[in-house]
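Input: a single structure, listed below in structure tokens.
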Amino acid sequence: MIQLLPSTFSEFKKLSTIRLIEKLISEGREAHIITSGEQYEFIEKQIEERQLRSLIKVYKSEQNVPDKTCNGALNENQYKFINKWVKDFNTEQYQALQYAKIENIQINASAGTGKTTLVIRIIYELLITGKVKPEEMIITTFTNNSTEDIKNRLYELFYKRWQVSHNAKCRELIENFYKIKIVTLDSYNKELLGKLGGQFGCSKNLKVANEKIILKNIITKKLREYLDLNKITFTKLGMGEVDLIKLINIFISHNKFNVRDISNFILYESNDDERVKAVCKLLYNVSTNVICEIDNIYIRKDKIILKDVEYKLNEIFNYGFTTKEKIGRIKYIFVDECQDTNLLQFNILKKLKDSTNAKIIAVGDPNQAIYGFRGANPESMEMFEKIADQKIELKKNYRTQKNILDKIDEIFSTLIGKEFVNPVVTKDSGGVIEKITYDRYDSFKDIVRKVKENLPDIEKARRDNEGKENLKDRISILVRTNSKGREIADRLKEEISCTFNNGGNLYRSKAARELLILIRYLLMPDNLLYKLQVLNTSYLNWDYGKFNCKELEKLDTAYVDNLLLDFNNYLKTIQNRTPFGKICEIIATQNPSKGIESYQQDLNLILDRFIKNSKVSSLVDLDIFLTFKMIHDREEQDSHQKKAEDLVVVNTMHSAKGLEFHTVIMLADDNYRIDEERKELINIFFQKYTGKVGIKYKEKIRNKFFTDILEIEQEKIRRDEINLLYVGMTRSIEKLVVITNNNTKKYTYGELLKKGGF
Ligand SMILES: Nc1ncnc2c1ncn2[C@@H]1O[C@H](COP(=O)(O)OP(=O)(O)OP(=O)(O)O)[C@@H](O)[C@H]1O
């Protein structure tokens, strides 16, 4: 709240000033007062006497303040005036804003304390004052969602400012908004490698490869070669081909793992079980072969694996193969959510800073670190702190009501076994935190009941907000996994309009794409393109390489037909089935999901939607349905408007990071470690410092290192999950409802919350 107080004084004004201060205290509000002359001295004295430094900030104006108070809407002149004197920020935010203009800073703060708001404001200030040009800054985040969020909020700031002031600079920035690089760290690194990687054979058109698709095929090929060459049987190894492929796949694609490090790993000890030793040797050899093959293919095709991007960039920087000219002019690097950075990423950012003399503004919250499992470094906050000239902590929470935050403190103090204190709250007008326990099989009824119960509040909040679509005025149903989110959104949509907000999209999933290809092939079996495409899908167990569908003319049709012979013969046996029956039959026999749970769930959901849509009966209908959905859903995803309209949104915990909602309904019985539940568990842990790799497969076969590392790794995963639960719970502004089962299962948030005494 901003108050302009006139410079001159009457007794009446004096009284009203005291009243104003009292009112602000009673509301627990924070205020900025601008005044001059004797009024300034008077207010300062009042504030001192009442010990209100933290609530009220007074600015002394050298100019005379206009003789009228203003609260809320400002006219243009008032706006200009205030903009000159005041940043509607608390002291720490204001300090950070000032430091950011001259130094490297690190901002460390808990949820809801205004980190993102501050970063956006710093960016805004640097641009609007002309200190930095749009193309001279890089703003990195970890997810596409955060990128979108920052873009929207920054744009809004410029737009609002332009509406009030019609400032020419503002207009110029709006027009050049696209030049501001707000990107995920991964995509920035890829672009950078394209620029710098000439000596390493990387071109500007470098594409990040979808390693999953290609890996499986190459692994199968190399595994069979190895087994043949060494005359090894599956019995000797104690596991079958599918599991072996899975094991090698996990080993190679593990995020902490880089292909070049393979020889540094220790896989077994001399007293390990013979089968374990045989599997480890196989793992080492096949992986090396696979990696060489992938490198060859990728170099030819100008592709690279995501993890390799960081590795190569580090090498380039380490060997000094880069110059300021090649990188381009960078004055500022912003790192949002810096707690989630891994060591390689940090090194790249630091080297980038050193080579360009750019300033780094890093913002994070150690309690919201959720990417430990994929290599984020727990010390990342400290690393950024070391390169910062100033460290700033934000101490006030502006989001959540006091009673909700107090409860969160209590739960997390118990869970992590040390005092956990959220920052000072600014809101204390009675928030609601409740837990609903159900003992039926399904929590859906409770979700619907709670949504309906809370909708009137949201509608009111929107009305109070003058009908403006505010993304905060919504109910968010928070779930742990994508598939659970989809399921809930799907069921809920039948009663209440809602949006599922996640990273992916059902109709862009592999399951959807492959199903469409299958349908088109069934419709037009003579079309060469569809023949090739279907050969590339998981419906055919084609064991090596994918066809390049763009090079149709180079292909020998007879050869392709020959490859499809078995599949076509099989299709003949089911030709009399109904279209839908045919598809179900093919899915049952060809098993395209190959045991990948998410693929199966996506497929089930699509089939379920087919069934519910009574208009879909022929294969052509199915084709149209899927094609339409692919286009339509894409529009829906891209449409900010659509997202804003719905009062109810379903979010995964990950996708809700950085957002806030009037009401949060959290589903706490979703399992967060599906792997543990599987009977035939395959698990690999890498211990970075010792180079040891813990391996477990089948029920009891494991190397000696596995048990040693297991506990440490589980604790890491648990910590990630606790942090993710914290992220979820701190999204709420007014209300937090937790729905959990009576018999809380292991590895659910219900279990964690119970341990936390909730
Ligand atoms: N000085 C301030 N005065 C009043 N409200 C503020 C202030 N700073 C931030 N806010 C508001 O507080 C809320 C939380 O801010 P923001 O989203 O920036 O927090 P955050 O620290 O990034 O949170 P998280 O880490 O949970 O994503 C927003 O609604 C924002 O508008």
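Nothing here was measured: the structure is a model prediction, and the numbers come from that model. All ligand and atom numbering here is 1-based and tracks the order in the structure. What you see below is based on every heavy atom in this structure, not just the backbone, and it leaves out hydrogens, waters and symmetry mates.
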If you apply the rule salt bridge (charged side-chain N to carboxylate O under 4.0 Å, His left out), what do you find for Arg480 with Glu721, and how did you get there? CA-CA 10 Å; Arg480 174 62 182 79; Glu721 292 297 337; 2.8 Å; yes

Derivation and outcome, salt bridge (charged side-chain N to carboxylate O under 4.0 Å, His left out), residues Arg121 and Glu125: CA-CA 6 Å; Arg121 186 60 178 264; Glu125 291 280 333; 3.3 Å; yes

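Side chains of Met729 and Phe412 form a contact here, defined as non-hydrogen atoms less than 4.5 Å apart. By the 4.5 Å heavy-atom criterion applied to side chains, Thr341 and Phe384 are counted as neighbours. Here the side chains of Ile475 and Phe661 are not in contact, with every heavy-atom distance at 4.5 Å or above.
Ligand 1 has Gly112 within reach: a non-hydrogen atom of the residue lies less than 4.0 Å from it. Put simply, no part of Lys657 is less than 4.0 Å from ligand 1, judged by heavy atoms. Residue contacts with ligand 1 leave out Thr730, since none of its heavy atoms falls under 4.0 Å from the ligand. Not a single heavy atom of Lys396 sits closer than 4.0 Å to an atom of ligand 1.
For ligand 1, the atoms closer than 4.0 angstrom to any heavy atom of Arg153 are 17 (O), 18 (O). Less than 4.0 angstrom separates some heavy atom of Arg731 from each of these atoms of ligand 1: 24 (P), 26 (O), 27 (O). Atoms of ligand 1 found under 4.0 Å from any heavy atom of Ser110 (numbered from 1 in listed order, with element): 21 (O). Counting atoms of ligand 1 from 1 in the listed order, those under 4.0 Å from a heavy atom of Arg399 are 14 (C), 16 (P), 17 (O), 19 (O), 23 (O), 24 (P), 26 (O), 27 (O).
Remark: side-chain polar atoms of Thr400 are paired, donor with acceptor, to backbone N or O of Ser732 under 3.5 angstrom.
Considering Arg121, Glu660, Lys115, Glu92 only, the shortest heavy-atom separation from atom 28 (C) of ligand 1 involves Glu660. Of the candidates Thr117, Ile120, Thr400, the one placing a heavy atom closest to atom 16 (P) of ligand 1 is Thr117. In the candidate list Tyr726, Tyr94, Tyr398, Tyr398 is nearest to atom 4 (C) of ligand 1, counting heavy atoms.
The closest side-chain donor-acceptor pair between Thr141 and Thr147 falls under 3.5 angstrom.
Summarising the local packing, NZ of Lys395 is surrounded by 12 or fewer heavy atoms from other residues, nucleotides or ligands at distances under 6.0 Å.
Using a 30° and 60° split on the angle between ring planes, Phe177 and Phe158 fall in the perpendicular class, above 60°.
In terms of polar-atom proximity, Leu118 is not counted as a contact of ligand 1, lacking any N or O under 3.5 Å from an N or O of the ligand. Considering backbone and side-chain N/O of Ala111, none are found under 3.5 Å from N/O of ligand 1.
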